[in-house]
Novice: 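The structure follows.
A, B, ... follow the sequence lines: proteins, then strands. Residue 1 opens every chain. Just so it is clear, the model here is predicted, and its values are computed rather than measured.
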Number of protein chains: 2
Amino acid sequence: MSNLIEKSLVSKEVFKGNLLNVFSDQVELPNGKKASREYIKHPGAVAVVPITQEGKIVLVRQYRYPIGKLLLEVPAGKLDKGEQPDECALRELEEETGYVAKNIKKIASIYTTPGFTDEIIHLYRAENLILSKPSPDEDEFLDVELYTKEEIKEMIADGRINDAKSMLALLLAGI
Amino acid sequence: MSNLIEKSLVSKEVFKGNLLNVFSDQVELPNGKKASREYIKHPGAVAVVPITQEGKIVLVRQYRYPIGKLLLEVPAGKLDKGEQPDECALRELEEETGYVAKNIKKIASIYTTPGFTDEIIHLYRAENLILSKPSPDEDEFLDVELYTKEEIKEMIADGRINDAKSMLALLLAGI
């Protein structure tokens, strides 16, 4: 294997927003030359495939402002500071859908866009759900929708489900 | 379906880098309240599953500075201005791996992280490959590696392939 490592020389935070923190680092390339690398630091996130006792999959429909569209996704959210991924998965599932899961199982951890962020999403499968009451964040608006496995397969095939983490979570959960 | 749309009130570019352009918009939420939305504008990208005449899959191993790791990925890259996705797929495949594809077929288009960017990646399957000469970008260093379908399945299952677009492209291409 070639030497492909890029060595960090200087790291600088160039933008600090409410959601996004952008860094621009100077790096030394494998050939000794210098280059800059811009990226977003992200706390990490979880996404959950919730399966009801009737075998239905619980999805959430929400408006994604950056693309100006409503997307159908698996419940998901960012890790709070110090929060473990499995706790976060249970919390986000309950907040967004009202379902409390008795069983939760890790499926995989994925890098969403390693070219410009360190975001990692931990994927889970949740079963034995009990319906409680949703409590989404104050500025979060979403619809909870239940689908059969066959409907999910169709919607992945025809592009009605086109959010990467949701597609991967559903496919890897064996839906 | 509820009204879930967020209406843009003011849009402002808050950081303009070499790679990343960050916007912070004021929006009106479905309940009439106001909120801010930060996001990255992205030109869009492609990712390609290249399959050789011997049935091997061509992957690239490259250092991803934001996460500080070498990742094994399908060849991929950003759209140039005015470039069509299928042209971009052929170009990136040849630049990164040296393979020229006679046949290319669209698999799907996916949103990578719709919470904070409008990035869309168009996934392709490329066949009937002829080996030419790679010509990666000046600051791009990568190894080209060929794997069997069985090896790919194993590496997705055990996490050695953990880049979301690559996993999805490979799974949807029927690998």
Novice: Is A:Asn31 in contact with chain B via its backbone, its side chain, both, or neither, using a 4.5 Å heavy-atom distance?
Specialist: both

Novice: Should B:Tyr111 and B:Asp118 be marked as a side chain to side chain donor-acceptor pair (under 3.5 Å) after you check the CA-CA gap, both sets of side-chain angles, and the distance that decides it?
Specialist: CA-CA 7 Å; B:Tyr111 291 108; B:Asp118 61 353; over 6 Å; no

Novice: Name the region of A:Leu19, side chain, backbone, both or neither, that has any atom closer than 4.5 Å to a heavy atom of chain B.
Specialist: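 Contact with chain B: backbone and side chain both.
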
Novice: With a 4.5 angstrom heavy-atom cut-off, is it the side chain or the backbone of B:Leu171 that approaches chain A, or both, or neither?
Specialist: side chain

Novice: With respect to chain B, which residue among A:Ser8, A:Pro66, A:Ala164 yields the maximal number of heavy-atom pairs within a distance under 4.5 Å?
Specialist: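 Heavy-atom pair counts peak at A:Pro66.
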
Novice: Heavy-atom pairs under 4.5 Å with chain B: which of A:Gly159, A:Gly115, A:Ser36 has the most?
Specialist: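 Answer, by heavy-atom pair count under 4.5 Å with chain B: A:Gly115.
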
Novice: If we define contacts as heavy-atom pairs under 4.5 Å, which of A:Val22, A:Thr117, A:Leu168, A:Leu142 has the most with chain B?
Specialist: A:Leu168

Novice: Quick check for you: among A:Phe23, A:Phe15, A:Tyr65, which has the greatest number of heavy-atom pairs under 4.5 Å with chain B?
Specialist: A:Tyr65

Novice: Chain B: which of A:Glu73, A:Lys69, A:Lys78 shares the most heavy-atom pairs with it under 4.5 Å?
Specialist: A:Lys69

Novice: Does this structure show an ion pair linking A:Glu28 with A:Lys34, if we count only N-O contacts that are shorter than 4.0 Å?
Specialist: no

Novice: Decide yes or no on side chain to side chain contact (heavy atoms under 4.5 Å, CB included) for A:Arg64 and A:Ile67, but give the supporting numbers first.
Specialist: CA-CA 6 Å; A:Arg64 290 304 200 169; A:Ile67 57 169; 3.8 Å; yes

Novice: Does this structure show an ion pair linking B:Glu87 with B:Arg91, if we count only N-O contacts that are shorter than 4.0 Å?
Specialist: no

Novice: For B:Thr112 and B:Glu119, which I'm curious about, is there any donor-acceptor pair between the side chains at under 3.5 Å?
Specialist: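 Yes - a donor-acceptor pair under 3.5 Å links their side chains.
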
Novice: In plain terms, say whether B:Glu13 and B:Lys41 are close enough for a salt bridge, that is, a side-chain N and a carboxylate O under 4.0 Å apart.
Specialist: no

Novice: Flag the pair A:Lys102 and A:Glu127 as a salt bridge only when some basic side-chain nitrogen lies within less than 4.0 angstrom of an acidic carboxylate oxygen.
Specialist: no

Novice: Looking only at heavy atoms and a cut-off of under 4.5 Å, which of A:Ile156, A:Asn18, A:Asp163 has the most pairs with chain B?
Specialist: A:Asn18

